[in-house]
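For clarity, every value in this text was computed on a predicted model and none was experimentally measured.
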Amino acid sequence: MTKIALKIGDITQENVDVIVNAANSGLLGGGGVDGAIHQAGGPEILEECRKIRGLQGGCPTGEALITGAGHLYAKYVVHTVGPVWHGGTGGESELLKSAYQSSLNLAAEHDAETIAFPSISTGVYGYPVDKAAEVAVSTVHEWVTGDESLREVRFVLFSESDLATYKEVAASFGV
């Protein structure tokens, strides 16, 4: 059975097989989690992202791709692009669900046993944390119920209030 864990922390310091990056579609780093992962992981991650960008032009919203992890403790970084919040009427929940599913699928395809997620789209993309937590936890719960290849899925959150929100949502799923 897969453990779903919730904690406050710095995702770049997580000792897991896969760290998920809340990337932008251009894959060239940015602010928030994306910038922190690129900075901590070093230039190798950016170089791999540049190669991917050259081949396919970036990463569409709701999809994911995988690179090495550079200097991070992880083996891989899964870069996924969550949606920008437009009030919930632009298919944001479906795109966010797809970002989590795509990330989990890539982790499983690369024989990962542990994965750490940030709260995707809740920073500069403006997705409300409570709504994002519902999508994140329900998607992960549903995925691990059908696929037990992962030992642990960890949500590494930025603040006490984010953690409290995720804990409340997780409790409703018996997590």
Side-chain angles (χ1 to χ4, degrees), residues 2-42 44-46 48-49 52 58-84 92-93 95-125 127 129 132-144 147 149-159 162-163 166 169-170 175:
T2 306
K3 175 183 176 185
I4 298 175
L6 307 165
K7 66 180 279 195
I8 292 176
D10 176 353
I11 199 163
T12 68
Q13 299 300 307
E14 294 299 308
N15 190 1
V16 290
D17 294 330
V18 173
I19 289 175
V20 177
N21 179 18
N24 60 59
S25 61
L27 301 174
L28 298 180
V33 169
D34 191 18
I37 288 172
H38 276 272
Q39 183 174 357
E44 296 89 348
I45 296 173
L46 182 59
E48 284 190 64
C49 286
I52 292 166
C59 185
T61 303
E63 294 185 21
L65 53 87
I66 195 164
T67 66
H71 304 296
L72 298 170
Y73 295 110
K75 295 176 186 171
Y76 302 104
V77 174
V78 167
H79 306 265
T80 191
V81 182
V84 174
E92 293 97 316
S93 64
L95 288 167
L96 187 58
K97 179 176 183 171
S98 178
Y100 279 97
Q101 289 172 328
S102 298
S103 298
L104 291 162
N105 290 339
L106 270 177
E109 287 169 20
H110 286 80
D111 299 320
E113 293 184 7
T114 54
I115 185 171
F117 281 100
S119 185
I120 298 168
S121 285
T122 59
V124 296
Y125 284 14
Y127 211 113
V129 173
E134 288 176 23
V135 172
V137 174
S138 66
T139 302
V140 166
H141 185 264
E142 179 182 309
W143 194 93
V144 301
D147 185 326
S149 60
L150 292 168
R151 276 190 301 109
E152 182 179 356
V153 177
R154 193 177 304 164
F155 289 100
V156 181
L157 305 163
F158 184 71
S159 69
D162 290 358
L163 179 62
Y166 271 75
V169 172
V175 174

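Side chain of Asp17 to backbone of Asp111: no donor-acceptor contact under 3.5 angstrom is found. Side-chain N or O atoms of Ser25 include none that pairs as donor or acceptor with a backbone N or O of Gly58 at under 3.5 Å. Between the side chain of Glu113 and the backbone N or O of Ser149, no donor-acceptor pair lies under 3.5 Å. At distances below 3.5 Å, at least one donor-acceptor pair connects side-chain atoms of Ser102 with backbone N or O atoms of Gly62. Without hydrogens or angle criteria, Thr61 side chain to Pro83 main chain gives no donor-acceptor distance under 3.5 Å.
Within a 6.0 Å radius of NZ in Lys7, other residues, nucleotides and ligands contribute more than 12 heavy atoms. Around the CD atom of Gln39, the shell of radius 6.0 Å holds no more than 12 heavy atoms that belong to other residues, nucleotides or ligands.
The shortest side-chain heavy-atom distance between Arg151 and Thr2 does not fall under the 4.5 Å cut-off. Looking at Ile19 and Thr12, their side chains never come closer than 4.5 Å, going by heavy atoms from C-beta outward. A 4.5 Å side-chain heavy-atom check between Leu27 and Leu65 finds at least one atom pair inside the cut-off. Val140 has its side chain within reach of Phe155: a pair of non-hydrogen atoms, C-beta onward, lies under 4.5 Å apart. The closest side-chain heavy-atom distance from Phe117 to Val156 is not below 4.5 Å. Under the 4.5 Å side-chain criterion, counting only non-hydrogen atoms from C-beta, Ile4 is not in contact with Val137.
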Item to check | side chain to side chain contact (heavy atoms under 4.5 Å, CB included) assessment of Tyr125 paired with Asn24 | outcome: CA-CA 10 Å; Tyr125 284 14; Asn24 60 59; 3.4 Å; yes
Next on the checklist: Assess the residue pair Cys49 and His38 against the criterion (side chain to side chain contact (heavy atoms under 4.5 Å, CB included)); give the C-alpha distance rounded to whole Å, side-chain angles, the decisive distance to 0.1 Å, and a yes or no.
Outcome noted: CA-CA 10 Å; Cys49 286; His38 276 272; 4.0 Å; yes
Item to check | From CA spacing to verdict: side chain to side chain contact (heavy atoms under 4.5 Å, CB included), Asn105, Trp143 | outcome: CA-CA 9 Å; Asn105 290 339; Trp143 194 93; 2.8 Å; yes
Checklist entry - Would Val16 and Arg154 satisfy side chain to side chain contact (heavy atoms under 4.5 Å, CB included), going step by step from the backbone distance to the final call? => result CA-CA 9 Å; Val16 290; Arg154 193 177 304 164; 3.4 Å; yes
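In this structure, NZ on Lys3 lies 14.0 Å from CG on Leu150, to the nearest 0.5 angstrom. Note that CG of Leu163 and CD1 of Ile8 are 5.0 Å apart. Values are rounded to the nearest 0.5 Å. With values rounded to the nearest 0.5 angstrom, Gln101 atom CD is found 5.5 Å from Thr139 atom OG1.
Closest approach of Val81 and Pro60 over heavy atoms only: CB-O, 3.9 Å. A pairwise comparison of heavy atoms in Ile115 and Ser103 identifies CD1-O, 4.1 Å as the closest pair. When all heavy atoms are compared, the tightest approach of Ala40 to Leu72 is CB-CD2, 3.7 Å. Shown here for Ala99 and Thr80, the closest heavy-atom pair between the two residues is CB-OG1, 3.2 Å. Pairing each heavy atom of Leu28 with each of Leu46, the nearest pair is CA-CD1, 3.8 Å. The two residues Ile45 and Ile37 make their nearest non-hydrogen contact at CD1-O, 4.0 Å.
The residues Lys97 and Glu92 are annotated as not salt-bridged, no charged nitrogen and carboxylate oxygen being separated by less than 4.0 angstrom.
The closest side-chain donor-acceptor pair between Tyr166 and Ser119 falls under 3.5 angstrom.
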